[in-house]
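Here's the structure, in structure tokens; my notes come after.
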Amino acid sequence: MSIHHQLAAVLQQAVQAAQAAGALPSFALPEVVIERPREASFGDYASPTALKLARDARMAPLKIAQTIVDHLPATDYIAEVTVAPPGFINIRLTAARLQQVVANVLAEGAGYGRLHLGDGKKVQIECVSANPTGPIHIGRTRGGVMGDTLARAMRLAGYEVVLEYYYNDAGRQITLLGESTKIRYLQLIGQAAELGPDHYKGDYITDIARQLYEAHGAALQGEPAEYFGSYAKDQISRSQKETLRRINIVFDVYYNEQSLYETGRVWEALETLQEKGYVYEQDGAQWFKTTEFGDDKDRVLVKQSGEPTYRMPDIAYHWDKAQRGFDLVVDFFGPDHHATAPQVLMGVQALGYPTDFVRTVLHQIISILKDGQEMKMSTRAGTFVSLDDVVDVVGPDPIRYFMISRSGNSPIEFDLNLALEKSDKNPVYYIQNAHVRCAGIFRKWAEAGGAPDADAGADLSLLTHESELAFMRKALELPEVIELMVLNSEPHHIAFYAYELAAAFHPAYENCRVLNDDVPEPLRHARLRFYRAAKQLFAHVLDLMGMSAPEVM
RNA sequence: GCGCCCGUAGCUCAAUGGAUAGAGCACUUGGCUUCGAACCAAGGGGUUGGGAGUUCGAAUCUCUCCGGGCGUACCA
């Protein structure tokens, strides 16, 4: 149990003890809130519980707070509890409790911060869902990084997570992809053919056509566009997978839209909706009565042409999710899905399933600045900055960090010029430098002939410098951050936490030297232990963000 | 028009309804003969878009007005 839950439990016991003793009237106790005080001088933790209880208890908040404190059970980890106006209870932990985090981090390693929020619960996280019609561009990677980061946090919190990529490998776009590829192929073999306005114009199409030409010469000219579409789709999805792997995103499941047609799932969903009376025909199209669920107009499920709209397979896909038995489904959707996400849930509801197991996390647009100008990106027009290109230049870490460094509700401006500049302005290096500095200590220690396990039995109570204690307080906070991320589906908290952890680390590094001659041996060993834990913790936190922990930079 | 998101320091952004609204960048000043200065220490900078309401307490919740982004397809 993380420390703030322990403290909440202790306060709750105190309230109950006070009630039993008649010092407080009896009332139902609301959830005890434990927070981090803004001002460090107030203590390590604070609770406004007495303020919230004032009404029910019909007493002054200060008096309630004091009564709670008077009935606090004894613990070995609380050093001091004070009451402050208007009614806060401030708690300071013992140095021993803080020092214990050093041992805990080392003992638990990559499991440090583990929670039991998700014990026995299955979660599916859907993200990215780029169409296999072109390289993944930088504007499309935000959801993927957010989803993968949340997946890592949820696994640590005890959930069984399936990270899933939904592939739109059917429909009109694939038809267009096939036609585009065939036209480029025909051009290569010297036949007259021109791209239409809706066709894909990127150079990668020509590259794919050339592969076919080099393998088969002109023998494919009689093949239908579907043949070309199928080939192009496979090539593109393979390279998309590889691109995502470069930024440490590996999906557990690739779910093909096409499979929803092959299994008849799409039509089954349509029939079920029809049986339940949610579908009507008008102007030759099949309409879904979304207005019955609060939409301002009905939506088309099957076009006049007999082709389903994207909405239909999306509903079938979520129907399938409902039946796969997930306790929770988290969908990361970009700005282009803001309007349609609710319609999909209406479909799930109409099919007779609850919708509260689906949590939709919308994120805002990411715009690209180059030389101070915004670049408009379109896969179809072939105008985009590919994720691969950016990874080539800056590597995966700054991309990973940048994509989660803001709340999803905030639009991101990705300044290419700034990203390319490897400057000290970049918070990524500030965080990684903490790990590098730790690594340096152990490298020097080994070079000087120090025993690798010299710090094994170190006396951690010697770690009393204020900057060391401040770092330990921050280290103690990781489980709370994981909980916050998981409960709110907000990956960005880890990015801010990592920065704050580094900001707590660097002063300790400046103040608390290890290898200097004037550091007595017991203290040196304790500090080696401290930096060993710090190194481990930075590696862990960086890994939670899908980033590397370099030994040197 | 309707829906969603946003408006916080010069800029980019934080802040589970709690205490004196915080960071980074930029700006000013100081610190490397000792484990990596991609660092540290210090400073200035705010009517949280305006107004009203709920609350012991509002950047946060409600209403309203102003301003901005995105969406509002028989494209996905």
Side-chain angles (χ1 to χ4, degrees), chain A residues 33-39 42 46-48 51-52 54-55 60-61 84-88 90 129-131 133 168 171-173 176 198 257 283-287 295-297 299-305 307-311 313-314 334-342 362-365 367 379-380 405-413 415 418 422-434 436-445 447-448 467 480 483-484 487-488 490 492-493 495-496 499-500 502-503 505-507 509-511 513-519 527 531 552-553:
Chain A
V33 174
I34 298 289
E35 55 197 23
R36 294 258 168 181
R38 195 183 301 285
E39 192 70 35
F42 292 148
S47 177
L51 291 161
K52 294 184 194 304
R55 181 191 297 248
F88 287 100
N90 292 325
S129 303
N131 301 331
T133 54
N168 295 115
R172 179 174 143 80
Q173 53 191 337
L176 288 170
D198 287 342
E257 179 183 0
D283 304 330
Q286 304 275 328
W287 293 74
D295 207 353
D296 53 356
K297 60 180 172 186
R299 309 285 169 173
V300 172
L301 289 176
V302 181
K303 300 184 242 179
Q304 216 171 25
S305 63
E307 286 174 298
T309 61
Y310 64 93
R311 207 169 278 124
D314 277 3
D336 48 345
H337 280 77
H338 285 198
T340 66
L362 303 177
H363 62 84
Q364 298 295 317
I365 197 169
S367 54
T379 304
R380 202 162 286 182
S405 65
R406 295 193 192 167
S407 141
N409 284 334
S410 180
I412 290 188
E413 270 186 3
D415 189 326
L418 205 62
K422 276 196 166 182
S423 75
D424 56 359
K425 293 171 195 168
N426 201 325
V428 172
Y429 305 120
Y430 184 77
I431 297 162
Q432 290 181 326
N433 189 33
V436 168
R437 283 178 139 185
C438 292
I441 292 172
F442 289 100
R443 200 163 46 240
K444 287 275 183 188
W445 174 246
E447 282 167 11
S467 58
E480 298 160 41
E483 184 173 326
L484 191 61
L487 294 182
N488 297 321
E490 290 175 337
H492 70 277
H493 296 292
F496 288 91
Y499 190 89
E500 287 165 13
F505 170 85
H506 289 300
Y509 181 87
E510 303 270 342
N511 287 314
R513 299 264 134 178
V514 182
L515 305 180
N516 288 7
D517 295 338
D518 59 349
V519 179
R527 286 184 173 169
Y531 288 109
V552 292
M553 290 199 300

- line: Applying the 3.5 Å cut-off to both distances, the Watson-Crick or G-U partner of B/rC4 turns out to be B/rG69
- request: Find the distance A/E490:CD to B/rC5:C1' and express it as a whole number of Å.
  value: 14 Å
- request: Could you tell me whether A/P37 contacts a base, only the sugar-phosphate backbone, or nothing, with contacts defined as non-hydrogen atoms closer than 4.0 Å?
  value: base
- prompt: Across all strands shown, which nucleotide pairs with B/rG45 by Watson-Crick or G-U wobble geometry, both distances under 3.5 Å?
  reply: none
query: With a centroid cutoff of 5.5 Å and a plane-angle limit of 30°, would you call A/F88 stacked on B/rG18?
result: no
query: Can you check the A/E510 CD to B/rG30 P distance for me, whole Å?
result: 18 Å
- request: Name the nucleic acid region contacted by A/Y509, choosing base, sugar-phosphate or nothing; use a 4.0 angstrom heavy-atom cut-off, strictly under.
  value: base
query: So what does A/F496 touch, heavy atoms closer than 4.0 Å: a base, only the sugar-phosphate, or nothing?
result: sugar-phosphate
statement: Taken to the nearest whole Å, NE2/A/H492 to P/B/rA14 is 6 Å
query: How would you label the contact of A/A46 with the nucleic acid (heavy atoms, under 4.0 Å): base, sugar-phosphate, or nothing?
result: base
- request: Report which part of the nucleic acid A/N90 touches: base, sugar-phosphate, or nothing (heavy-atom distance under 4.0 Å, all strands).
  value: base
message: Students often get this wrong, so: under 4.0 angstrom with heavy atoms, is A/H363 touching a base, only sugar-phosphate, or nothing?
response: nothing
query: Got A/C438 and A/F505 here, is their nearest side-chain heavy-atom distance under 4.5 Å?
result: yes
message: Using a heavy-atom cut-off of 4.0 Å across all strands, would you classify A/P48 as base, sugar-phosphate, or nothing?
response: base
- prompt: Could you state the CG-P distance from A/L51 to B/rG17, rounded to the nearest angstrom?
  reply: 15 Å
message: Mind checking if A/R55 touches a base, just sugar-phosphate, or nothing, with heavy atoms under 4.0 Å?
response: sugar-phosphate
- line: Of all heavy-atom pairs linking A/P313 and A/E257, the shortest is CG-OE2, 3.2 Å
query: Within the structure shown, what part of the strands sits under 4.0 Å from A/Q173 by heavy-atom distance: base, sugar-phosphate, or nothing?
result: sugar-phosphate
- request: Can you figure out which of B/rA19, B/rA14, B/rG31 approaches the side chain of A/A84 most closely?
  value: B/rA19
message: At 4.0 Å (heavy atoms only), tell me whether A/D336 reaches a base, stays on the sugar-phosphate, or touches nothing.
response: base
message: Between P on B/rA23 and CZ on A/R406, what's the gap in Å once rounded to a whole number?
response: 18 Å
query: How many Å lie between CD1 on A/I412 and P on B/rC13, as a whole number?
result: 8 Å
- request: Could you tell me whether A/T340 contacts a base, only the sugar-phosphate backbone, or nothing, with contacts defined as non-hydrogen atoms closer than 4.0 Å?
  value: base
query: Side chains of A/E307 and A/V302: does their closest heavy-atom pair fall under 4.5 Å?
result: no
message: Expressed as a whole number of angstroms, how long is the span from A/H338:NE2 to B/rA73:C1'?
response: 18 Å
query: What is the nucleic acid contact for A/W445, judged by heavy atoms within less than 4.0 Å: base, sugar-phosphate only, or nothing?
result: nothing
query: Contact class for A/R38 vs. all strands (heavy atom < 4.0 Å): base, sugar-phosphate, or nothing?
result: sugar-phosphate
- request: Could you check whether A/I34 gets within reach of a base, just the sugar-phosphate, or nothing at all, counting any heavy atom under 4.0 Å?
  value: base
statement: In whole angstroms, the gap separating C1' of B/rC35 from CG of A/N516 amounts to 7 Å
field: Salt bridge present between A/R437 and A/E510 (N-O < 4.0 angstrom)
entry: yes
- prompt: Using purine N1 to pyrimidine N3 plus N6-O4 or O6-N4 for Watson-Crick, or N1-O2 and O6-N3 for G-U wobble, each under 3.5 Å, what pairs with B/rG22?
  reply: B/rC13
task: In plain terms, say whether A/R513 and A/D518 are close enough for a salt bridge, that is, a side-chain N and a carboxylate O under 4.0 Å apart.
output: no
